[in-house]
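These notes are about the structure you will find just below.
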Protein chains: 2
Amino acid sequence: MAKLTKLEPLSNLSLVDKVEIRLTEYFKENNLKIGDQIPKELEFAEALGVSRTVIREALLRLRTIGMIESKKRKGMVLSQPDIIQNFEKVLESNLLGDKTLKDIFELRLILEMGMADLLFARKTEKDIEELSRIVSHEDDNGLDSTIFSLEYEVAFHGKLYQISNNSTLQRFQDLLLPVFQYVHDHMLPDASKFRYSGGKFISHRDLLNELIEGTPESFRVAMRQHLEPHFERVLTSFKS
Amino acid sequence: MAKLTKLEPLSNLSLVDKVEIRLTEYFKENNLKIGDQIPKELEFAEALGVSRTVIREALLRLRTIGMIESKKRKGMVLSQPDIIQNFEKVLESNLLGDKTLKDIFELRLILEMGMADLLFARKTEKDIEELSRIVSHEDDNGLDSTIFSLEYEVAFHGKLYQISNNSTLQRFQDLLLPVFQYVHDHMLPDASKFRYSGGKFISHRDLLNELIEGTPESFRVAMRQHLEPHFERVLTSFKS
DNA sequence: ATTTGTATTATGTATGACATAATGATAATA
DNA sequence: TATTATCATTATGTCATACATAATACAAAT
């Protein structure tokens with residue numbers, strides 16, 4: 001048989017798909033901004049020559065990603081999509097594959113390593129005080145500082161994200177906490193008896209001191225050592 | 001008037017809201033995994049005692065975030081939600097506020113600074129070769145290396161993300177390119193005549209050399225200098 | 001003037017019907 | 001026999017219509 005050029009279907013888009021595209025085009029064409037009122041369902045239906053059902057389904061998709069909000073009798077308005085919100089349901093669904101979860105775990109390490117410059121540029125006296133409080137509590141409880149304690153881990157690192165003053169980043173981190181925990185518990189080799197290179201362990205207090213007296217560079221070095229067991233596990237068990 | 005205990009509405013959830021929640025609970029309870037078949041619309045409708053319309057709207061929401069897929073006659077199956085996919089429409093909508101866009105721009109800087117360890121752990125000969133090619137092309141074109149050229153910028157840094165071998169990160173980066181461009185063009189003070197501290201400019205070639213001969217630490221220092229104008233602008237113009 | 005009722009409006013929900021694509025069984029054809 | 005055409009079946013996709021509900025404005029009543 002002769003070799004044929006691949007014949008693609010004329011259009012594998014459903015009616016709702018097309019309407020959805022058309023609607024977003026419409027918003028752009030008319031340069032509509034957040035808070036702007038948009039026509040009602042029946043007007044869209046008539047204008048596009050489709051049933052209200054199809055319009056509703058297309059609009060519902062946009063509502064699902066937070067692009068529009070609707071209230072009874074008031075109609076619909078464009079709204080600021082919440083990037084993080086969509087993440088939430090997806091994560092809660094427990095349907096993410098292991099590869100994706102690993103990717104996200106790595107992402108956290110990347111973020112903590114890359115945050116340093118923002119931290120130094122934006123730290124305040126109050127921030128330092130609060131971090132000190134957290135670290136003190138940790139010490140008071142007389143825990144062997146090499147032991148992983150989730151509570152203080154979350155408190156300390158969470159505060160760092162807060163200092164970054166990047167609310168998108170912060171919310172992202174909040175959301176990812178369960179993922180970290182899951183990956184930590186289930187998918188990586190046990191690191192409870194990890195030997196730090198050179199035997200030197202960098203505690204939260206050490207990190208705090210770096211944040212007070214050090215530089216972004218020195219802080220990164222310290223953070224890298226603090227995260228050493230996590231990096232070790234990621235970089236060895238994920239040969240791809 | 002006597003002080004009364006605040007009366008909360010009995011339930012501000014719509015019927016579709018409730019059904020959606022109930023459905024996700026159902027998936028968890030039955031420990032359904034990706035690829036598993038789920039009951040058909042009419043069965044759900046009958047089981048929950050609501051109309052097919054409501055079931056469809058609830059299911060459509062889940063379909064929108066990629067949790068389920070449906071085919072005519074075949075029915076519906078659970079599928080792996082695509083974290084990035086939803087981002088796409090949101091970004092294209094041009095509805096994100098300036099603050100969010102700034103947050104995302106910062107996020108890129110954080111990622112590039114934090115990636116170093118992954119790069120060194122996963123770089124291959126082929127990767128280095130390709131990076132070399134990119135840098136050579138750049139030099140050939142005799143551009144003043146301090147001038148910002150979007151094309152090579154994308155090629156070089158995009159390749160770095162690729163080397164990280166973290167596909168979630170990669171797709172994220174692909175998606176964010178337009179944001180970087182927008183923020184770069186519209187929201188930050190012009191840096192075309194930025195003076196690098198100490199007059200030393202770190203080019204892509206310098207970064208490549210660090211990746212070949214240096215360490216994650218030295219690479220981070222180099223990257224920090226390479227990104228200096230961006231950091232400068234972010235850390236000065238965003239006083240919160 | 002404040003409250004209360006009432007009509008109106010746009011979204012939310014319900015119902016029934018038909019369209020469409022995928023599937024498998026059956027019959028027709030080479 | 002093997003392949004193709006035909007057809008019924010099934011679950012989602014689309015349509016049409018009606019009614020429910022919450023928010024709003026305006027009139028009526030106290």
Side-chain angles (χ1 to χ4, degrees), chain A residues 1 4 7-23 26-27 30 32 34-79 81, chain B residues 1-2 4 7-23 26-27 30 32 34-79:
Chain A
M1 189 161 101
L4 299 174
L7 269 180
E8 297 288 346
L10 295 178
S11 167
N12 39 11
L13 295 177
S14 74
L15 196 47
V16 175
D17 288 330
K18 286 185 262 186
V19 169
E20 183 191 357
I21 294 171
R22 192 68 198 82
L23 287 178
Y26 171 85
F27 298 146
N30 295 73
L32 296 181
I34 295 174
D36 287 349
Q37 199 91 14
I38 63 177
K40 36 197 180 187
E41 296 175 348
L42 281 175
E43 289 174 352
F44 276 130
E46 194 175 2
L48 295 183
V50 297
S51 75
R52 191 181 155 214
T53 309
V54 169
I55 296 290
R56 270 187 72 79
E57 292 217 356
L59 288 170
L60 178 55
R61 290 188 190 174
L62 302 183
R63 195 161 29 222
T64 302
I65 64 175
M67 239 180 96
I68 63 179
E69 284 175 354
S70 57
K71 283 201 175 117
K72 281 181 181 172
R73 149 106 199 188
K74 269 195 80 172
M76 298 174 289
V77 296
L78 286 185
S79 58
Chain B
M1 189 162 97
L4 300 173
L7 271 179
E8 295 287 347
L10 296 177
S11 165
N12 39 11
L13 294 177
S14 74
L15 195 48
V16 175
D17 288 330
K18 286 185 263 186
V19 169
E20 182 192 358
I21 293 171
R22 191 70 198 80
L23 287 179
Y26 170 85
F27 297 147
N30 294 72
L32 296 182
I34 295 173
D36 286 352
Q37 200 91 15
I38 64 176
K40 35 198 181 185
E41 296 176 348
L42 282 174
E43 290 173 353
F44 276 131
E46 194 175 3
L48 295 183
V50 296
S51 74
R52 192 181 155 216
T53 309
V54 169
I55 296 290
R56 271 187 71 80
E57 291 219 357
L59 287 170
L60 179 55
R61 289 189 190 175
L62 302 182
R63 195 161 28 222
T64 301
I65 64 175
M67 239 179 98
I68 62 178
E69 285 174 353
S70 58
K71 285 208 175 105
K72 282 181 181 172
R73 150 102 202 195
K74 270 195 79 169
M76 297 175 290
V77 296
L78 287 185
S79 58

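Residue numbers begin at 1 in each chain, while the letters A, B, ... track the order of the sequences.
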Could I get the full list of side-chain hydrogen bond (donor to acceptor under 3.5 Å, both in side chains) partners for A:Arg73, not counting sequence neighbours? none
Without swapping roles, check the side chain of B:Gln37 against the backbone of B:Lys74 for a donor-acceptor pair under 3.5 Å. yes
[X] has an atom [atom1]; how far is it from atom [atom2] of [N], in whole Å?
{"X": "B:Glu69", "N": "D:dG13", "atom1": "CD", "atom2": "P", "result": "12 Å"}
{"X": "B:Lys40", "N": "D:dG13", "atom1": "NZ", "atom2": "P", "result": "15 Å"}
{"X": "A:Leu13", "N": "D:dG13", "atom1": "CG", "atom2": "C1'", "result": "14 Å"}
{"X": "A:Asp17", "N": "D:dG13", "atom1": "CG", "atom2": "P", "result": "10 Å"}
{"X": "B:Leu15", "N": "D:dA22", "atom1": "CG", "atom2": "P", "result": "12 Å"}
{"X": "B:Lys71", "N": "D:dT12", "atom1": "NZ", "atom2": "P", "result": "13 Å"}
{"X": "A:Leu42", "N": "D:dT17", "atom1": "CG", "atom2": "P", "result": "12 Å"}
{"X": "B:Glu41", "N": "D:dT14", "atom1": "CD", "atom2": "C1'", "result": "12 Å"}

First locate atom [atom1] of [X], then atom [atom2] of [Y], and finally report the distance between them rounded to the nearest 0.5 Å.
{"X": "A:Phe44", "Y": "A:Leu59", "atom1": "CZ", "atom2": "CG", "answer": "6.5 Å"}
{"X": "B:Leu62", "Y": "B:Leu78", "atom1": "CG", "atom2": "CG", "answer": "9.0 Å"}
{"X": "A:Thr64", "Y": "A:Arg61", "atom1": "OG1", "atom2": "CZ", "answer": "9.5 Å"}

Ignoring hydrogens and angles, are the base of C:dT20 and the side chain of B:Arg73 linked by a donor-acceptor pair under 3.5 Å? no
What do the steps show when you test B:Asp36 against B:Asn30 for side-chain contact (heavy atoms from CB on, under 4.5 Å), and what is the final call? CA-CA 11 Å; B:Asp36 286 352; B:Asn30 294 72; over 6 Å; no
Side chain of A:Lys74 - closest among D:dT14, D:dA23, C:dT11: D:dA23
Listed nucleotide nearest any side-chain atom of B:Ser70, set D:dC15, D:dT24, D:dG13: D:dG13
Can you sort out which residues in residues 46-66 of chain A have a heavy atom within less than 4.0 Å of DNA chain C? Ascending by number, please. A:Arg52, A:Arg56, A:Arg63
Do A:Ile21 and A:Leu13 have side-chain heavy atoms sitting under 4.5 Å apart? yes
